[in-house]
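Input: a single structure, listed below in C-alpha cells.
Within every chain, numbering begins at 1; the chains are lettered A, B, ... in the order of the sequence lines, protein sequences first and strands thereafter.
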Protein chains: 2
Amino acid sequence: MALRHAVLAALLDGEMSGYQLAKTFDVAVSNYWHALPQQLYGELAKLEGEGLITGREVIQQGRPNKRVFTLSEAGRGKLAEFISAGSKPSFIRDDLLVKVRAAEAGSMIDLVEQLEERAEQARGKIALFEKLLRQLRGDLDEQTYLEESPRVGPYLTGLRGRAFEEDTLRWCSHAAEVLRARHASEGARPES
Amino acid sequence: MALRHAVLAALLDGEMSGYQLAKTFDVAVSNYWHALPQQLYGELAKLEGEGLITGREVIQQGRPNKRVFTLSEAGRGKLAEFISAGSKPSFIRDDLLVKVRAAEAGSMIDLVEQLEERAEQARGKIALFEKLLRQLRGDLDEQTYLEESPRVGPYLTGLRGRAFEEDTLRWCSHAAEVLRARHASEGARPES
DNA sequence: TTCGACATGTAAACCGTTACATGATTGT
DNA sequence: ACAATCATGTAACGGTTTACATGTCGAA
C-alpha cells in the first residue's frame with residue numbers, strides 16, 4: 001500500500017482537505033501518483049483511524065464546511081520509515097504504448113490521431129510544471145533554490161515531471177510522424 | 001481491463017507460453033506494462049475461453065511440456081478495436097518519487113543510496129533496450145528500419161523505453177547529487 | 001543432492017475504479 | 001433556473017498482489 005505514503009507526503013505542505021488533496025493529486029502529484037477523490041476520502045479516514053493524521057473541522061462562510069487534515073508525529077515517523085525502506089521498482093501503464101506496439105494490427109489513422117492528442121496534452125502538462133517550478137523558485141535561481149530551499153523535494157519531482165512530459169511530447173511527435181509516413185506510402189508499395 | 005491487450009499485443013510476435021510471456025513482460029514490455037506470472041496464466045486461460053487466443057500443447061524433451069498460445073482472428077479483431085478506442089491517460093507510480101517529494105521528513109543518506117541504486121538499474125535497462133533495438137534493426141540503419149520494417153511497433157516502444165531510462169538515470173544522478181550536497185552542508189548551517 | 005531454470009497454477013487479501021448519492025453556494 | 005465549484009462520501013465490482021503449492025530436468 002503506497003497511496004497512504006503519497007498522502008502523507010502531500011500533507012507535508014500543510015493541512016489539507018480531501019477535496020484539496022484531490023486537486024493536488026490531479027496536478028503536482030499526478031506525475032508519480034494518481035488517485036480518485038473517493039480513494040482519498042477513504043484513505044484519509046483510515047489514516048485518521050490509525051492516528052497518522054489528525055482531522056479538524058473548518059467552518060466556512062460562503063461555501064460548505066470542510067475537514068482539514070494535519071500530519072501527526074506518528075505520521076512523520078511512518079514517512080521516515082517508508083523513506084528508509086526498500087523501494088519497489090516503479091511501473092508505468094500506458095494504453096498508448098500497448099497500441100503502438102500493436103500498430104500493425106489496427107488503424108494507423110486512429111493511432112496517429114491519439115499520438116497527436118497525447119502530444120498536445122504533454123504540452124499542457126509541461127506548461128503546468130514550468131509554472132509550478134517558477135512558483136516554487138520565486139526570485140531565486142534554480143541552483144540556489146536547490147542548495148537552500150527547505151522544499152527541495154517538490155522541486156526535484158517537478159523537474160522529473162517536466163522532463164518526463166518533454167520526453168512524451170518528443171516521442172509522440174516522432175512516432176506519429178513515422179506512422180504517418182508509413183501510412184502515406186502504403187498504397188505505393190506491393191503487398192507483403 | 002488492459003492486461004489482456006498487452007498480452008494480445010505480445011502474441012503478435014508469434015506463439016508463446018505463459019512462462020515466455022512472463023519473461024517478455026519482465027524485459028521488453030516492462031517499460032509500459034507489468035504483470036506477475038500468475039496474472040498472465042489467469043489471463044491466458046480467460047482469453048482462451050473467449051476464443052481470442054488458441055492454446056496448443058508442446059511436448060518437449062529435456063524440459064517440462066508447455067502450452068503455447070497463438071492469436072486468433074477474433075483476437076486480432078479485439079486488438080484493432082482497442083487501438084481505435086480512446087486511450088486512458090497513462091500513469092506512473094513510483095515509490096522513489098514519493099520519497100524524494102518527502103525528502104525533508106526522512107533519512108537523506110538512505111534516500112541518496114536508493115537514488116544511486118535506481119540509477120544503476122537504469123544503466124542496465126538502457127543496455128538492454130539498446131540490445132533490443134540493435135537486434136530488431138539488424139543490418140538496417142534506423143531510418144530505413146522505421147520506414148520499412150513490418151515490426152515498427154516494438155521498435156518505437158523500445159525507443160520510448162530507452163529514452164525513459166536515460167531520463168531516469170539523469171534525474172536520479174542529479175537528485176542524488178543535490179541531496180548529497182545538502183546533507184554535507186547541513187552541519188555547517190544554523191538550525192532552521 | 002541441491003540449485004537454478006523451466007513450467008503452471010490456486011486462494012485469499014487487498015487495492016482501485018466505476019457508478020451512485022447528496023448537498024451548499026456563487027455567478028450567469 | 002442552471003451550471004460550475006466546493007465538499008464528502010458508499011457500494012459493487014473487478015483487478016492486482018501475496019502467499020501458497022507442485023513438479024520436471026540439467027548441471028554442479
### Task
Carefully, step by step, assess Asp110(A) and Ser84(B) under the rule side-chain hydrogen bond (donor to acceptor under 3.5 Å, both in side chains).
CA-CA 5 Å; Asp110(A) 291 353; Ser84(B) 291; 2.5 Å; yes
- Item | Basic-acidic side-chain contact under 4.0 Å: Arg118(A), Asp95(A) | no
For this session: Assign Arg4(B) to base, sugar-phosphate, or nothing according to its heavy-atom contacts below 4.0 angstrom with the strands shown.
Result: nothing
Rounded to whole Å, the CD1-P distance (Ile92(A) to dT16(D)) equals 16 Å
Check: Considering only heavy atoms from C-beta outward, does the side chain of Tyr155(A) approach that of Val178(B) to under 4.5 Å?
Finding: no
In whole angstroms, the gap separating C1' of dC15(C) from CG of Leu40(A) amounts to 13 Å
Taken to the nearest whole Å, CG/Leu44(A) to C1'/dA7(D) is 13 Å
When rounded to whole Å, the CD to C1' distance for the pair Gln39(A) and dG9(D) reads 14 Å
Rounded to whole Å, CZ of Arg56(B) lies from C1' of dA7(C) at a distance of 16 Å
dT17(C) OP1/OP2 closer than 4.0 Å to side-chain N/O of Lys88(B): no
Phe69(B) CZ to dG9(C) C1', in whole Å, measures 12 Å
Between the base of dT18(C) and the side chain of Gln38(A), is there a donor-acceptor distance below 3.5 Å?
-> yes
Between OH of Tyr19(B) and C1' of dT22(D) the distance, given in whole Å, is 15 Å
Between Gln61(A) and Lys46(A), the residue closer to the 5' end of DNA chain C by nearest nucleotide is Lys46(A)
Ranking dG16(C), dA7(D), dT18(C) by distance to the side chain of Leu36(A), first place goes to dT18(C)
Ranking dG15(D), dT5(D), dC6(C) by distance to the side chain of Arg63(B), first place goes to dC6(C)
### Test salt bridge (Lys or Arg N to Asp or Glu O under 4.0 Å) applied to Arg151(A) and Glu104(B), step by step
CA-CA 7 Å; Arg151(A) 301 191 59 217; Glu104(B) 48 187 296; 5.3 Å; no
Assign each of Ala2(A) and Gly18(B) the nucleotide of DNA chain C bearing its closest heavy atom; nearer the 5' end lies the nucleotide of Gly18(B)
Checking dT16(D), dA7(D), dT24(D) against the side chain of Gln60(A) (C-beta onward), the nearest is dA7(D)
- Below 4.5 Å, heavy atoms only, C-beta onward: do Met16(A) and Leu40(A) meet side chain to side chain? no
Exercise. Cation-pi check, Arg182(A) to Tyr145(B): give yes when NZ or CZ is under 6.0 Å from the six-membered ring centre and within 45° of the ring axis, no otherwise.
Key: no
Which of dG23(C), dG23(D), dT17(D) is nearest the side chain of Pro64(B)? It is dG23(D)
**Study point:** side-chain N/O Tyr41(A) vs dT8(D) OP1/OP2, d < 4.0 Å
**Key:** yes
Taken to the nearest whole Å, CE/Met16(B) to C1'/dT8(C) is 17 Å
By nearest-heavy-atom nucleotide on DNA chain D, the more 5' of Gly42(A) and Asn65(A) is Asn65(A)
Short side-chain N/O contact to dC25(D) OP1/OP2 from Lys66(B), under 4.0 Å | no
Out of dT17(C), dT16(D), dA7(D), minimum distance to the side chain of His34(A) belongs to dT17(C)
Among dG16(C), dT8(C), dT8(D), the one nearest any side-chain atom of Ser17(B) is dT8(C)
